[in-house]
Chemist: 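I am attaching a structure below and will ask some questions about it afterwards.
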Amino acid sequence: MKKKCELCASRANTYCESDQANLCWSCDANVHSANFIVEKHSRTLLCHICQSFTPWTATGRKLSPTISVCQSCLNAQNNVADNHQDSSDGYRRDDDDNNDDENQVVPLSPPPVSSSSK
């Protein structure tokens with residue numbers, strides 16, 4: 001279930017431990033610009049994908065909208081990308097290291113002719 005902002009029911013982007021509230025960017029700015037005390041509240045950014053806590057925290061009157069991703073989602077995305085690369089062309093990329101002697105670098109044009117004085 002997606003976390004909603006406690007004030008406006010939009011998608012939550014931050015969690016304020018002091019207020020014990022999930023907030024969207026707009027409501028977070030409204031709440032934390034009220035005075036210098038609440039401006040100091042540390043807020044945890046929520047994962048853009050699953051909305052769990054990320055290691056990123058911030059303080060201040062208005063946080064800039066930022067996309068943050070938790071470690072679990074990052075690992076899952078990396079695994080999907082690795083599996084896609086492994087299966088997309090029918091062979092594993094790890095095996096490429098054994099075939100270095102078969103690969104050659106061929107120049108696109110002949111080397112420049114050196115001018116020699118006669």
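Residue numbers run from 1 in the order of the sequence given. No hydrogens, no waters, no symmetry mates; every other heavy atom, side chains included, goes into these values. Only a predicted model underlies this, so the values are computations on that prediction, with no experimental measurement involved.
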Chemist: If you define the side chain from C-beta out and look only at heavy atoms, does anything of Thr59 sit under 4.5 Å from Lys40?
Modeler: no

Chemist: Supply the members, apart from Phe53, of the Ile/Leu/Val/Met/Phe/Trp/Tyr cluster built from side-chain contacts under 4.5 Å; use none for a lone residue.
Modeler: Tyr15, Leu46

Chemist: Working to the nearest 0.5 angstrom, can you tell me the gap between Ser10 OG and Lys2 NZ?
Modeler: 14.5 Å

Chemist: Taking only residues at least two apart or on different chains, which pairs with a member in residues 66-77 satisfy salt bridge (Lys or Arg N to Asp or Glu O under 4.0 Å)?
Modeler: none

Chemist: Could you pull out the closest heavy-atom pair between Gln51 and Ala12, with the gap in Å?
Modeler: NE2-O, 2.9 Å

Chemist: Quick one: list whatever passes side-chain contact (heavy atoms from CB on, under 4.5 Å) with Ser26, sequence neighbours left out.
Modeler: Cys24, Asn30

Chemist: Sorted by first residue and then second, give each salt bridge (Lys or Arg N to Asp or Glu O under 4.0 Å) pair with at least one member in residues 11-38; sequence neighbours left out.
Modeler: Asp28-Arg43

Chemist: Quick one: do Leu45 and Val69 end up in the same hydrophobic cluster if we chain Ile, Leu, Val, Met, Phe, Trp and Tyr together by side-chain heavy atoms under 4.5 Å apart?
Modeler: no

Chemist: Would you name the heavy atoms of Thr57 and Ser42 that are closest together and state the gap between them?
Modeler: CB-OG, 3.8 Å

Chemist: Shortest non-hydrogen contact from Asn35 to Ile37?
Modeler: OD1-N, 2.9 Å

Chemist: Mind checking the OG-CG spacing from Ser68 to Leu74? Nearest 0.5 Å is all I need.
Modeler: 11.5 Å

Chemist: Can you list every pair that meets ring pair (Phe, Tyr, Trp, His ring centres under 6.0 Å) and has a residue in residues 23-45, with sequence neighbours left out?
Modeler: His32-His41

Chemist: Starting at NZ of Lys3, measure out to CG of Asn13 and round the result to the nearest 0.5 Å.
Modeler: 11.5 Å

Chemist: Each residue besides Leu7 in its hydrophobic cluster should be listed here, by chain and number; the cluster joins Ile, Leu, Val, Met, Phe, Trp and Tyr at side-chain heavy-atom distances under 4.5 Å.
Modeler: Leu23, Val31

Chemist: List for me each residue that meets side-chain contact (heavy atoms from CB on, under 4.5 Å) alongside Ser72, sequence neighbours excluded, and say none if there are none.
Modeler: Cys70

Chemist: So, using salt bridge (Lys or Arg N to Asp or Glu O under 4.0 Å) as the criterion, who are the partners of Arg61 when residues are at least two apart?
Modeler: Glu39

Chemist: Taking the side chain from Thr66 and the backbone from Ser64, do they hold a donor-acceptor pair closer than 3.5 Å?
Modeler: yes

